[in-house]
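Here is the structure we will look at.
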Amino acid sequence: MRLHLPKPPNFNFKQIVWFLDRGYDDCLHKVEGNSVWKPIKTGNRKNLIRIEENHSDLVIHVNGPTDQRNDILNYVNTWFDLDRDLSGFYAILRKSGSLESLPDSFYGFRIIAIPDLFESLAWSIIGQQINLRFAYRIKRAFVESYGEPADDDLGIYHFPGFEVVRDLSVTELRELQFSSRKAEYLIGIARSFSNGSIAQERLADMTDTAEVIDELCKTRGIGEWTANYAVMKSLGRMDCIPWGDTGMLEAIRKMRGLDRKPTREEVQAFYKPFKGWESYLTFYLWRSLY
DNA sequence: GGCCAGGACTCAA
DNA sequence: TTGAGTCATGGC
């Protein structure tokens, strides 16, 4: 079956594809030519979809049961942040001076979501303090061990649920080159989901992002950086700044022509004109590094 | 070979 | 509450 989703204004599928295929070995999707394969879960149902574009629409090819039409459309809508009107963000960039070229350079680029909060927290724990290439390697080892294959030829998987991870041992994760501490964090977070002390729906209902961040930071292993990253990617909040993020600091350093990392105050000043668009500014800063 | 990676925690003062 | 030390391993 094929589903159609109209492309919104200020959208460029090629930028999306670029992001999903920017040289890392990601085990959760696969880019082939101009289309993207993605295993998704809608309700209790697992699906493998393929997304491509025509002149006006995103075209979604669905393998398997098709009774979850709306769930699939919603997933893609969330994944590519299609409901967002970027014109306000672009207007600020265009009059910002040093960032005025970004809307043209990366026109139509959107935040690629990680709709599941456990997945984004797990991914950011994995990514803490190691280079991205190594992080992707560990993620693949983890997902190949404890996730579910979606397609053997494509080498892509469904991310393991917290019900699986909560019962793992530090030793098992150590074998996948997790540090003991990361293993403890990840298992601990899975248990927090399991006992309800972290619940995506409850956090999504909170209006104040700062409160959500505080709430998440109560769990061991989740700091300011991880919480902001996960809230941006999984709850679609627009006002997230992953303080201390190496890439973000490096991008600002270049833009400002500094010979050192910007201070927290300098970062704050940099973000100040972008109230309500902090997450997008972060995403575009990361984009600018490539 | 050494510094640093899409950090966070611990412990001392 | 601030700062240094620690964790682990790979990329460059």
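All chains are named by letter (A, B, ...) in the order of the sequence lines, taking the proteins before the strands, and each is independently numbered beginning at 1.
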Separation of dG11(C) atom P from D25(A) atom CG, nearest Å, is 12 Å
Quiz item: Is the number of heavy atoms from other residues, nucleotides or ligands under 6.0 Å of N34(A) CG greater than 12?
Solution: no
- Message: What I'd like to find out is whether the side chain of W37(A) reaches to under 4.5 Å of the side chain of I49(A), using heavy atoms alone.
- Response: no
- Task: Pick the P atom in dC4(B) and in dG5(C), then give their distance to the nearest Å.
- Result: 15 Å
Let me check something: any side-chain donor-acceptor pairs from residues 148-165 of chain A under 3.5 Å, sequence neighbours excluded? List them with distances.
from, atom 1, to, atom 2, distance (Å)
E148(A), OE2, K46(A), NZ, 3.4
D151(A), OD1, D153(A), N, 2.9
D151(A), OD1, L154(A), N, 2.8

Problem set entry | Sugar-phosphate, base or nothing in reach of S124(A), heavy atoms under 4.0 Å | nothing
Closest non-hydrogen atoms of K233(A) and S120(A), given as atom of the first, atom of the second and distance, are CB-CB, 4.5 Å
Any side-chain N or O of S179(A) under 4.0 Å from OP1/OP2 of dT9(C)?
-> no
Spell out, as yes or no, whether a donor-acceptor pair under 3.5 Å connects the side chain of R253(A) to the backbone of L258(A). yes
Open item on the list: What's the gap between dA8(B) and dG10(C) when it is taken at their P atoms, as a whole Å value?
Closed with: 22 Å
Sequence neighbours left out, cut at 3.5 Å: what donor-acceptor pairs do the side chains of residues 16-23 of chain A make with other protein atoms?
from, atom 1, to, atom 2, distance (Å)
R22(A), NE, F19(A), O, 2.9
R22(A), NH1, Y290(A), OH, 3.2
R22(A), NH2, Y136(A), OH, 3.0

Going 5' to 3' through nucleotides 2-10 of chain B and flagging B where a protein heavy-atom sits under 4.0 Å of the base, S where only the sugar-phosphate is that close, and - otherwise, we get ---BBBBBS
Residue pair S180(A)/R137(A) against DNA chain C: nearer the 5' end by closest nucleotide is S180(A)
To the nearest angstrom, the CG-P distance between L176(A) and dG10(C) comes to 13 Å
**Asked** Which whole number of Å gives the distance between the P atom of dG6(B) and that of dA4(C)?
**Response** 23 Å
